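Take a look at this one; I'll ask things after.
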Amino acid sequence: MSLETITEEQFRDEAVAFLEANAKPRQEDSTAWGEGSDKVGLLAEKTFEEEMEEVREGKVWKGRVFDAGFGWITGPSQYGGRELPASYERIWQAESARFDTPSEQPFGIGLGMVAPTILAHATENVKDAYLRKMYRGDIIACQLFSEPAAGSDLAGLEGRAVRDGDEWVLNGQKVWTSGAQYSDIGEIIMRTDPDAPKHKGLTGFVVDMHAPGVDVRPLRQMTGGASFNEVFFTDVRVPDDHRLGDVNEGWTVALTTLMNERAAIGGGGGGAGVIGTQRLIELARKMGRNKDPIVRQALAEIYANGTVARYTNMRAMAKIKAGALPGPEMSIAKLSLTNNLRRISDYVSLVLGPRLVADAGEWGTYAWAEFVLGQPGMSIAGGTDEILRNIVGERVLGLPKEPRVDK
Ligand SMILES: Cc1cc2nc3c(=O)[nH]c(=O)nc-3n(C[C@H](O)[C@H](O)[C@H](O)COP(=O)(O)OP(=O)(O)OC[C@H]3O[C@@H](n4cnc5c(N)ncnc54)[C@H](O)[C@@H]3O)c2cc1C
């Protein structure tokens, strides 16, 4: 059958046949107290060995999915995609959600943010070399933007790339690089003209994370895991054809990635899916707080705001699906999500009291500590709440611009 003429119905049948042959149906997540895992963390809290096992299983699964034609449903055929409309991707997502499949979390940043940037800004060589491998799960990509003195003020970054013939030589330090410990390539933004105004002197590259001079050092977070890293670059050589976009046009490249990042996090793809209301109600019942008007009001706020956040996100995603670039709506979507995560955090703290900080071995109580400690990170990753409010104020509401310390 020609792929171009496959109907949605035929595609769904094909997807279900593949899933039934390769995975087990997912058991309904139980909301019954004491049943199943009580894990509610927001960041990956795994040992290095557990992470590597997750990566290994994920790679095997993604390879199988890609070879069966479901790895890059909407992508261009020259890089291994099927060029089908986004509605087919949604069918795949809906069908595969009914099955218990290996975690694809390690591939999230690479496919959600780096791959769209490569597609938009890389040379043909780089697209040919990496896109198919990324979607097939053969390689993983990370995002090397933040530096110790450049996070919100990303354009102030100081890592240097200096041209040397057909190559660039990279020196500097990145920080908070999620997944660098198992990544094969990274999208990096470096300063190529220190004399130009800060937004005008940056250039993007795709860097080989296994190249000599790349040193990845894990950072342990307060929740226990170590999903971030510091990455040091010492005389790392990058071929000029691994440049993303034009020299000194790296800010445009970075914006492509950041907008896709907000879309991924706001869309719940950042590992921060909103906790089901039923679980929160059950918690209040078990703690004997379900008649407490303050608790009930907090619960109602979470439900109402969670619903509004979902609709805001759907509206923003619909715009993207209609062909528009991710815009300030994604900032609103991400802000709505993180606001609600904070409400959930406050709610469980109110309901659990001391049980949140003292592990008495009781199911579904102390486990929330991981959520409460991980939640502030969600208000920082992909643009802090304050920065997103500035964007909404200035670009959506048309308010006067915030004072800038530099131009
Ligand atoms: C879970 C997580 C994953 C991450 N993964 C990655 C990754 O893979 N790759 C990567 O490159 N980075 C990553 N980061 C880093 C992230 O992008 C930065 O932490 C973020 O951009 C904020 O930068 P900063 O930490 O330097 O804080 P700062 O920019 O120093 O901000 C400190 C405080 O000042 C406030 N502030 C700063 N400027 C303004 C302003 N103009 N107006 C009002 N308030 C302001 C901020 O809101 C914040 O409260 C990750 C971070 C987290 C938490």
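Just so you know, these numbers use all the heavy atoms, side chains as well, and skip hydrogens, waters and symmetry mates. Model, not experiment: these values are computed from the prediction. Numbering starts at 1 and runs along the sequence shown. Order of appearance sets the numbers: ligands from 1, and atoms from 1 within every ligand.
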Element-labelled atoms of ligand 1 that are located less than 4.0 Å from some non-hydrogen atom of I387: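 Atoms satisfying the 4.0 Å criterion: 38 (N), 39 (C), 40 (C), 41 (N).
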Ring geometry between W176 and F228 (parallel below 30°, tilted from 30 to 60°, perpendicular above 60°):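 Perpendicular: the ring planes of F228 and W176 meet at over 60°.
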S349 side, atom OG; Q375 side, atom CD - distance, nearest 0.5 Å: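 These two atoms lie 9.0 Å from each other.
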For F145, atoms of ligand 1 separated by under 4.0 Å from a heavy atom: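 Every atom of ligand 1 under 4.0 Å from some heavy atom of F145: 11 (O).
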Residue part near ligand 1, for I380, under 4.0 Å between non-hydrogen atoms: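 Both backbone and side chain.
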Any N or O of S178 closer than 3.5 Å to N or O of ligand 1: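 Yes; the residue has a nitrogen or oxygen that sits under 3.5 Å from a nitrogen or oxygen of the ligand.
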Test item: side-chain donor near acceptor, T117 and T257, under 3.5 Å: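 Side-chain D/A pair, T117 to T257: present.
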Cationic N near anionic O, under 4.0 Å, R243 to D240: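 Salt bridge present between R243 and D240.
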T223 side chain to E370 side chain, donor-acceptor N/O pair below 3.5 angstrom: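 No.
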Residue, atom name and distance, where the atom is the protein heavy atom closest to atom 52 (C) of ligand 1: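 Checked against all protein heavy atoms, atom 52 (C) of ligand 1 sits closest to A381 CB, 3.5 Å.
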Separation between NZ of K127 and OG1 of T123, rounded to the nearest 0.5 Å: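 Answer for the NZ-OG1 pair, K127 versus T123, is 8.0 Å.
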Check: E147 N/O within less than 3.5 Å of ligand 1 N/O: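 Checking ligand 1 against E147, no N or O pair falls under 3.5 Å apart.
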Atom 34 (O) of ligand 1 touched by protein heavy atom at under 4.0 Å: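 When distances to the protein are checked, atom 34 (O) of ligand 1 has no heavy atom within 4.0 Å.
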Closest to atom 44 (N) of ligand 1 among Q143, R389, E386, M113 (heavy-atom distance):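 Looking at heavy atoms only, the winner is E386.
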Side-chain donor-acceptor pair present, T74, E89, cut-off under 3.5 Å: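 Result is no, nothing qualifies.
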contact_flag E402 ligand 1 heavy-atom lt 4.0 Å: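 Contact absent.
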Identity and distance of the protein heavy atom lying nearest atom 46 (C) of ligand 1: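 Going atom by atom, the protein heavy atom closest to atom 46 (C) of ligand 1 ends up being T384 OG1, 3.6 Å.
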Shortest protein heavy-atom distance from atom 18 (C) of ligand 1, along with the residue and atom involved: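 Closest protein heavy atom to atom 18 (C) of ligand 1: S146 OG, 3.9 Å.
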H121/F205 under ring pair (Phe, Tyr, Trp, His ring centres under 6.0 Å): CA gap, chis, key distance, verdict: CA-CA 10 Å; H121 298 287; F205 301 91; over 10 Å; no
Identity and distance of the protein heavy atom lying nearest atom 37 (C) of ligand 1: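 Heavy-atom neighbour on the protein nearest atom 37 (C) of ligand 1: S152 OG, 3.6 Å.
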Non-hydrogen atoms of E8 and S87 that approach each other most closely: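 Reported closest heavy-atom pair: OE2-OG, 2.8 Å.
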Atom 14 (N) of ligand 1: nearest protein contact (heavy atom, Å):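 Looking only at protein heavy atoms, the one closest to atom 14 (N) of ligand 1 is W176 CB, 3.4 Å.
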Heavy-atom closest pair, residues M378 and K334: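 What the structure gives for the nearest pair is O-NZ, 2.9 Å.
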E124 and Y79 side chains, donor-acceptor separation under 3.5 Å: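 E124 and Y79 do have a side-chain donor-acceptor pair below 3.5 Å.
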Contact bool for atom 16 (C) of ligand 1 (protein heavy atom, d < 4.0 Å):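 Under 4.0 Å from atom 16 (C) of ligand 1, at least one protein heavy atom found.
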Atom 30 (O) of ligand 1 touched by protein heavy atom at under 4.0 Å: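 Under the 4.0 Å cut-off, atom 30 (O) of ligand 1 has no protein heavy-atom neighbours at all.
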Residue, atom name and distance, where the atom is the protein heavy atom closest to atom 53 (C) of ligand 1: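 The closest heavy atom on the protein side is G377 O, 3.2 Å.
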Part of N390 with heavy atoms under 4.0 Å of ligand 1, whether side chain, backbone, both or neither: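 Looking at N390 and ligand 1, just side chain atoms fall under 4.0 Å.
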T177 N/O to ligand 1 N/O under 3.5 Å: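 No, since none of the N or O atoms of T177 sits under 3.5 Å from an N or O of ligand 1.
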Taking atom 3 (C) of ligand 1 as the reference point, the nearest protein heavy atom with its distance: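 Of the protein heavy atoms, F228 CE2, 3.2 Å lies nearest.
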Heavy-atom closest contact (C142 atom, M209 atom, distance):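 So the two residues come closest at SG-CE, 3.9 Å.
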Nearest protein heavy atom with distance in Å, relative to atom 24 (P) of ligand 1: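 Of the protein heavy atoms, G151 CA, 3.9 Å lies nearest.
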